[in-house]
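Below, read A as the first sequence line, B as the second, and so on, with proteins coming before strands; counting in each chain starts at 1.
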Amino acid sequence: MRVADLPLSAEHVAHFEAEGIEELYPPQAAAVEAGVCDGGNVVAAVPTASGKTFVAELALLTADGPGLYVCPLRALAREKYEEFDRLPGVDAGISTGDYDSAASDLAGRDVVVATSEKVDSAIRNGAEWVDDLACVVVDEVHLLGSPGRGPTLEVTLATLRRRSPDVQVVALSATVDNPGAIASWLDAELVESTWRPVDLRTGVYADDGVRFDDGTELSLPVDAADPGSDVDTEATAELVADAVADGGQALAFVSSRREAEALADRLTDDRLTDAVDAAREGASPDAADAIAGVDDPGMAAAEVAEELREAGATATGERLAEAAAWGVAFHHAGLSSDHRTLVERAFRQRRLAVICATPTLAAGVNVPARRVVVRDQRRYTGSGTEWLPVLEVHQMCGRAGRPHLDPYGEAVLVADDADERGDLWDRYVTADPERVESKLRDPAALRTHTLALVATGVAGSQAEVLDALGGTFYASRTSNPNLGGVVGDAVAALIDDGLLAPTDGGGIEATALGAQVSRQYVTPDTGVRIVEGLDAVASMDPDDVTELTALEIVCDAPDMVDTYLGNAERAEIYQFARSRSAELTTGMTEADDFEAWLESVKTARILAEWIDGASVEELVDAYRIGPGDLESRIERAEWLLGAAAALADVVGVDVPAFASARSRL
DNA sequence: ACCCGTGGGCTTTAGACAGCATGTC
DNA sequence: CTAAAGCCCACGGGT
């Protein structure tokens with residue numbers, strides 16, 4: 001099937017052809033046959049990089065009215081927005097928490113790109129642009145199964161379909177075990193394929209060699225004369241160096257931030273330099289390009305290092321720059337967002353040869369490489385280590401192979417020994433990914449969405465809440481959803497918290513407080529915590545109500561991200577809490593969970609010092625957090641302080657500290 | 001006196017969505 | 001409640 005045969009305008013055909021798209025990939029053709037261009041609902045479960053974006057564009061361009069593209073990450077939203085906006089005759093808009101389109105009239109746009117939470121929030125706040133949609137494209141729809149964010153996605157989609165019954169829904173999913181379940185929920189045609197534009201072979205390394213699933217083997221002895229380093233790290237280094245020597249780029253996945261940095265450090269030695277040199281002198285001019293993509297790879301590396309230094313003169317920035325000078329970088333959430341984007345971009349431009357990353361990178365923006373090495377397949381949890389989900393490992397592996405640039409992609413899982421090779425083989429190479437199951441039954445999720453449904457006027461009674469939830473993925477999965485009891489509990493809890501109230505007619509309605517909680521997009525639990533804080537403030541000496549007070553309330557709310565409290569600093573934070581106890585809304589003895597509270601005091605203290613002019617560097621140093629961690633806490637505090645101010649207004653307590661702390665963040 | 005290797009015990013362990021109202025060289 | 005790898009430090013042996 002050719003682009004020219006599709007029901008597209010001549011200028012769109014020209015646009016795609018100019019981008020090199022003439023002939024459709026098989027999964028794309030299958031999606032067209034399934035009705036993507038005719039307003040049909042389609043679920044496409046296909047690998048990353050098999051042309052999902054084009055399927056989305058087809059749906060949006062052929063739809064008879066405005067379209068919405070929903071995705072899980074802000075960075076992804078940005079990427080797609082730019083792509084859609086380049087389409088001739090398309091006026092695209094974007095709406096995410098950190099970035100709105102220049103003009104606020106998203107209502108007039110042909111396509112709006114947004115995160116699922118932003119769509120949910122827009123519905124709650126009565127935004128006009130969610131009405132009259134002709135087409136909704138949902139990317140990464142398998143996130144339905146994620147405990148925190150899945151329920152939002154399914155409730156939002158259910159609400160959108162309820163409001164516009166004729167809306168076309170196109171859902172794009174990674175390959176999962178039960179895509180049919182998603183398709184039947186959405187009354188959609190299922191397109192399932194494992195086709196990829198670049199061949200991918202997956203293998204396991206053990207005992208000096210890789211055995212791939214296509215039967216090939218790669219012998220790669222590990223230099224045993226290297227003490228002080230373990231076998232899998234050495235093997236990883238060899239695998240990376242080998243790929244680079246061959247003119248490719250490599251991604252290495254490890255389990256923790258520290259490991260990522262340690263591995264990057266380990267790679268900045270002669271071995272990789274030799275590989276870089278070999279590639280540069282090497283057989284093909286292609287190889288030299290692969291290292292740098294510019295005339296002089298060495299210079300490119302120095303440039304990247306310089307850019308990284310300019311982006312942030314922190315210790316992290318310096319370590320990053322040092323590694324980058326060797327063509328290596330590390331990547332994890334502790335990096336400032338500037339550093340993160342720089343690393344991603346430099347790698348895409350082939351100005352970096354290797355990225356050592358935590359598992360995040362697998363879910364983020366597109367960073368394909370010739371070879372992917374997964375050194376660690378487990379993840380630390382609060383209590384022990386767990387195997388990574390198959391889906392996640394597959395997504396890492398799927399990053400291997402760059403269309404048009406690499407002849408093939410290779411993914412290698414590194415085993416400790418021959419025994420583990422079999423394990424990994426069964427667990428990840430031959431295994432099917434997990435099923436996607438709804439997490440809507442979670443009580444906290446139900447409280448949140450029950451409140452939202454009532455506050456937006458969709459439901460005026462428990463029965464109507466249940467009715468509205470009837471359109472969810474959860475409900476479609478079982479003939480007897482039996483959510484009644486859990487929803488009943490949710491309603492009771494919300495009434496108890498003063499967010500909902502019974503009406504005379506036997507129904508329920510949102511209180512002013514509940515309505516504000518829903519609009520501010522905080523969870524009911526956070527709303528309750530803020531109100532408790534306000535109560536405490538009301539009986540405090542006004543002089544004691546400081547910015548620290550405001551920060552403590554907000555940092556102790558469940559919607560704030562936790563900050564790790566090491567044993568070494570516990571005593572000091574405790575001292576701090578004691579010396580400032582007059583300003584805190586929680587007494588030293590009355591916290592339900594003292595540990596958690598002490599953690600929030602730590603967060604509040606960090607932010608208070610930030611407000612008072614402490615530098616990123618000082619805070620990073622003193623509290624053992626990364627620049628990126630500081631950024632995320634500031635961002636969240638900003639949001640929660642705003643929400644707290646709005647709730648204070650409703651409750652009728654005047655706390656100027658919320659606004660003043662917020663403005664100084 | 002100093003260096004190095006070993007072993008035990010302690011510490012630490014991924015990530016990231018959301019409000020609101022405008023002004024900006 | 002289930003783990004495991006790094007780091008610090010003390011110790012011991014060798015030079």
Base, sugar-phosphate, or nothing for [X], non-hydrogen atoms under 4.0 angstrom?
| X | answer |
| --- | --- |
| A:R636 | base |
| A:D120 | nothing |
| A:L640 | nothing |
| A:G566 | sugar-phosphate |
| A:R570 | nothing |
| A:A643 | nothing |
| A:S116 | nothing |
| A:T358 | sugar-phosphate |

Distance from [X] atom [atom1] to [Y] atom [atom2], nearest 0.5 Å?
| X | Y | atom1 | atom2 | result |
| --- | --- | --- | --- | --- |
| A:R427 | A:W387 | CZ | CH2 | 5.0 Å |
| A:H332 | A:E259 | NE2 | CD | 11.5 Å |
| A:R633 | A:L640 | CZ | CG | 12.5 Å |
| A:L352 | A:H331 | CG | NE2 | 11.0 Å |

With a cut-off of under 6.0 Å to the ring centre and 45° to the axis, is A:R78 in cation-pi contact with A:Y99?
->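 Yes, A:R78 and A:Y99 form such a contact.
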
Kindly write out the residues that satisfy salt bridge (charged side-chain N to carboxylate O under 4.0 Å, His left out) with [X], not counting sequence neighbours, or none if the list is empty.
| X | answer |
| --- | --- |
| A:D525 | A:R447 |
| A:R109 | A:D91 |
| A:E117 | A:R149 |

Check this for me: does any side-chain nitrogen of one of [X] and [Y] sit under 4.0 Å from a carboxylate oxygen of the other?
| X | Y | answer |
| --- | --- | --- |
| A:K439 | A:E154 | no |
| A:R74 | A:E635 | yes |
| A:R605 | A:E572 | yes |

So which of residues 554-564 of chain A are in contact with DNA chain C, with a heavy-atom cut-off of under 4.0 Å?
->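 Heavy-atom cutoff 4.0 Å gives no residues at all.
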
Which residues, if any, of residues 646-665 of chain A bring a heavy atom under 4.0 Å of DNA chain B?
->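 Within this stretch, A:R662 sit under 4.0 Å of the strand.
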
Scan the side chains in residues 658-665 of chain A for donor-acceptor partners under 3.5 Å anywhere in the protein, sequence neighbours excluded, and list what turns up.
unit_1, atom_1, unit_2, atom_2, d
A:S660, OG, A:E547, OE2, 2.9
A:S660, OG, A:A657, O, 3.3
A:R662, NE, A:E638, O, 3.1
A:S663, OG, A:A659, O, 3.4
A:S663, OG, A:S660, O, 3.0
A:R664, NH1, A:E547, OE1, 2.7
A:R664, NH1, A:E547, OE2, 3.2
A:R664, NH2, A:I611, O, 3.3
A:R664, NH2, A:D612, OD1, 3.3

Nucleotide paired to B:dC17 in any strand shown, Watson-Crick or G-U, under 3.5 Å =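 Partner of B:dC17: none found under 3.5 Å.
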
Atom CG of A:D376 and atom P of C:dA3: how far apart are they, to the nearest Å?
->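 Going from CG in A:D376 over to P in C:dA3 covers 18 Å.
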
Report the distance from atom OH of A:Y380 to atom P of C:dA5, rounded to the nearest whole Å.
->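 Value for this atom pair: 6 Å.
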
Which residue lies toward the 5' end of DNA chain B, A:T381 or A:D100, if each is placed at its nearest nucleotide?
->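 Going by which nucleotide is closer to the 5' end, it is A:T381.
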
DNA chain B: 5'-proximal contact among A:T360 and A:Q516 (nearest heavy atom) |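 Its nearest nucleotide being more 5', the pick is A:T360.
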
In whole Å, what separates the P atom of C:dA4 from that of B:dA16?
->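 Here C:dA4 and B:dA16 have their P atoms 26 Å from each other.
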
Quote, to the nearest angstrom, the C1' distance that separates C:dC1 from B:dA18.
->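 Result for the C1' pair: 34 Å, nearest Å.
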
Contact boundaries of DNA chain B with chain A (under 4.0 Å, heavy atoms), 5' to 3'?
->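 Endpoints of the contacted stretch of DNA chain B: B:dT11 to B:dC20.
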
Give a yes or no on whether A:E128 atom CD has more than 12 heavy-atom contacts from other residues, nucleotides or ligands under 6.0 Å away.
->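 It does not: A:E128 CD has 12 such atoms or fewer within range.
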
Which side-chain N or O atoms in residues 554-561 of chain A pair as donor and acceptor under 3.5 Å with protein atoms at least two apart or in another chain?
unit_1, atom_1, unit_2, atom_2, d
A:D556, OD1, A:S600, OG, 3.2
A:D556, OD2, A:R529, NE, 2.6
A:D556, OD2, A:R529, NH2, 3.3
A:D559, OD2, A:T523, N, 2.9
A:D559, OD2, A:T523, OG1, 3.1
A:D559, OD2, A:T526, OG1, 2.8

Represent DNA chain C in dot-bracket notation, 5' to 3'. Only Watson-Crick or G-U wobble pairs with both distances under 3.5 Å count; pseudoknot-style crossings use [ ] and interstrand partners use |.
-> ..|||||||||||||

Filtered N/O pairs between nucleotides 6-10 of chain C and protein, under 3.5 Å:
none

Hey, are A:R378 and A:S255 close enough side-chain-wise for a donor-acceptor pair under 3.5 Å?
->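 There is no such pair (donor and acceptor under 3.5 Å, judged by atom type) between the side chains of A:S255 and A:R378.
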
Residue pairs involving residues 383-400 of chain A (criterion salt bridge (Lys or Arg N to Asp or Glu O under 4.0 Å); sequence neighbours excluded) =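 Non-adjacent pairs meeting salt bridge (Lys or Arg N to Asp or Glu O under 4.0 Å): A:R379-A:E392.
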
Applying side chain to side chain donor-acceptor pair (under 3.5 Å), which residue pairs with at least one partner in residues 513-522 of chain A are found, sequence neighbours left out?
->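 Side chain to side chain donor-acceptor pair (under 3.5 Å) check on residues 513-522 of chain A returns A:D120-A:Y521, A:Q516-A:Q520.
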
